[in-house]
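Below: one structure, written as structure tokens.
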2 protein chains.
Amino acid sequence: MADINFSKGSVASDSQEAASPGPRAGEFRWDIIELLFFAYRDFVGDADNELEAFGFGRAHHRVMHFVYRYPGLKVADLLDVLRITKQSLGRVLKQLLDEGYIIQKTGNNDRRQRLLYATPKGEALVAKLAGLQTDRITRALRDINPEGVAAISEFLRAMIDRDDPDKVLEAIFGIGSKKPRE
Amino acid sequence: MADINFSKGSVASDSQEAASPGPRAGEFRWDIIELLFFAYRDFVGDADNELEAFGFGRAHHRVMHFVYRYPGLKVADLLDVLRITKQSLGRVLKQLLDEGYIIQKTGNNDRRQRLLYATPKGEALVAKLAGLQTDRITRALRDINPEGVAAISEFLRAMIDRDDPDKVLEAIFGIGSKKPRE
DNA sequence: AATTTATGTCAGCCATGTTGACATATCTTG
DNA sequence: CAAGATATGTCAACATGGCTGACATAAATT
């Protein structure tokens with residue numbers, strides 16, 4: 001039979017309860033925690049498979065995606081969004097530039113800036129990957145009514161940290177505030 | 001001003017439309033795609049911060065989580081769930097065993113098997129991390145009604161590949177089928 | 001003119017994934 | 001029982017994509 005024991009109803013995590021500042025016994029959202037794990041795993045898996053054919057990895061996808069979606073994004077913005085170091089970004093960005101998926105344009109106001117744009121080649125890649133992911137999402141939403149879809153969107157938004165949002169998040173959340181320095 | 005150009009309504013990805021087998025112009029779920037990215041980033045970020053204090057990484061968390069949740073999980077099951085190689089698993093599993101977060105018991109029926117169990121120390125770690133993530137989830141669900149929560153759960157389930165589910169997914173989806181060989 | 005900012009780059013380290021080869025113990029089967 | 005299959009562990013090498021630290025350049029700001 002199953003050698004998995006599911007009887008974890010009343011969690012036995014009383015052992016070191018002293019160091020447990022948050023939740024009381026038993027009310028963990030194991031369901032959502034695990035669903036998020038598997039859903040995200042398969043969601044990004046769609047793109048991962050395709051990317052192999054291009055010799056790219058997830059890092060390239062993330063860069064391409066946001067450059068395509070927010071044309072003219074500055075390098076600094078991209079660093080905020082991806083939350084990686086410029087050295088890490090530099091590595092993949094260089095490849096995408098060299099291979100003609102992205103082009104840089106010098107900023108008009110500030111000529112130190114390198115504004116990033118997807119080339120047609122880059123757009124095609126993003127569209128292909130977004131197509132796969134959209135297919136999965138569309139399938140998953142098929143039997144869910146508009147109120148349900150709204151709840152899903154609301155939930156995902158509420159899962160995101162709102163303190164110190166980057167430019168892309170400001171766009172997504174439509175934050176008009178956030179001192180427009182520059 | 002904003003140097004992000006949002007005018008991506010009518011996507012200009014017509015360039016290499018020949019190689020676009022999937023979706024027609026314009027109907028990508030950019031909203032959900034990006035919300036999933038940011039939501040998951042911040043969701044796992046909770047755990048990542050805590051893990052540093054233990055000298056562990058995400059890989060350790062994933063192993064601990066599933067071992068705790070499904071006591072007596074076999075190594076082979078874990079490999080199915082995590083979809084990594086046994087060498088990768090071996091590295092983190094060895095540390096967790098050495099440091100007393102997990103113990104192994106020899107299988108009763110099959111003495112080749114190593115059944116995995118979280119020790120109290122391991123349970124405490126999992127509980128701490130799950131507490132953080134549960135807090136975030138609870139916050140995000142706060143203003144959503146039961147129908148909405150059901151839709152969210154349904155959506156996440158539908159995002160997961162159902163072909164060839166591993167033991168944990170069988171548990172989650174309550175699949176009674178799947179020939180119980182062994 | 002001096003300083004700060006935006007970007008790029010070199011060098012090396014770490015975590016975590018991969019493949020391939022092989023060892024051991026144990027179960028299953030002819 | 002002997003042979004083969006299975007479950008696990010381990011060694012070695014390599015790839016990806018994070019990281020830190022140091023430093024260079026050009027352009028903006030003060």
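Every chain is numbered from 1, with letters handed out A, B, ... down the list of sequences.
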(request) Please round to the nearest 0.5 Å and tell me the distance separating atom CG of A:Leu35 and atom CD1 of B:Ile172. (result) 6.0 Å
(request) For B:Arg58 and D:dC19, give me the distance from atom CZ to atom P, rounded to whole Å. (result) 11 Å
(request) Examine the base of C:dG20 for any acceptor or donor lying under 3.5 Å from a partner atom in the side chain of B:Gln87, and report the outcome as yes or no. (result) yes
(request) Under 4.0 Å between any heavy atoms, over every strand shown, what does B:Gly90 touch: base, sugar-phosphate, or nothing? Just pick one. (result) nothing
(message) Using OP1 and OP2 only, check whether a side-chain N or O of B:Ser88 sits under 4.0 Å from C:dT18.
(response) yes
(request) Can you tell me the distance, in whole Å, between the CG atom of B:Leu89 and the P atom of C:dT18? (result) 11 Å
(message) Can you work out whether A:Phe56 or A:Arg114 has the more 5'-proximal nearest nucleotide on DNA chain D?
(response) A:Phe56
(request) Let me know the distance between NZ of B:Lys94 and P of D:dT8, rounded to the nearest Å. (result) 17 Å
(message) On the nucleotide C:dG17, are OP1 or OP2 found under 4.0 Å from the side-chain N or O atoms that B:Thr85 carries?
(response) no
Between the protein and nucleotides 27-30 of chain C, list the N/O to N/O atom pairs that are separated by less than 3.5 angstrom.
from, atom 1, to, atom 2, distance (Å)
C:dC27, OP1, B:Arg111, N, 3.0

(message) If the cut-off is 4.0 Å, is A:Gln113 near the phosphate of D:dA28, judged by side-chain N/O to OP1 or OP2?
(response) no
(request) Could you state the atom-to-atom distance from CG of A:Leu51 to P of D:dT16 in whole Å? (result) 13 Å
(request) Take the protein atom CG of A:Asp80 and the nucleotide atom P of C:dT7, then report the distance between them rounded to whole Å. (result) 10 Å
(message) Rounding to an integer number of Å, can you tell me how far B:Leu93 CG sits from C:dG17 C1'?
(response) 16 Å
(request) First locate atom CD1 of A:Ile84, then atom CG of A:Leu89, and finally report the distance between them rounded to the nearest 0.5 Å. (result) 5.0 Å
(message) Taking salt bridge (Lys or Arg N to Asp or Glu O under 4.0 Å) as the criterion, tell me which of B:Arg69, B:Arg62, B:Arg157 meets it with A:Glu34.
(response) B:Arg69
(request) Please check if the distance between the ring centroids of B:Phe43 and A:Tyr40 is under 6.0 Å. (result) no
(message) Main chain of B:Arg112, side chain of B:Asp110: is a donor-acceptor contact present, judged purely on distance under 3.5 Å?
(response) yes
(request) Check whether the side chain of B:Arg91 and the base of C:dG17 form a donor-acceptor pair under 3.5 Å. (result) yes
(request) Would you kindly give the NZ-to-P distance between A:Lys74 and D:dA27, to the nearest whole Å? (result) 17 Å
(message) Angle between ring planes, A:Trp30 versus B:Tyr68, binned at 30° and 60°: parallel, tilted or perpendicular?
(response) tilted
(request) Using a cut-off of strictly less than 4.0 Å, decide whether B:His60 has a side-chain nitrogen or oxygen near OP1 or OP2 of C:dT16. (result) yes
(request) Assess the pair A:Phe66 and B:Phe38: is the distance between their ring centroids shorter than 6.0 Å? (result) yes
(message) Output the rounded distance in Å from CD (B:Gln104) to C1' (C:dT26).
(response) 15 Å
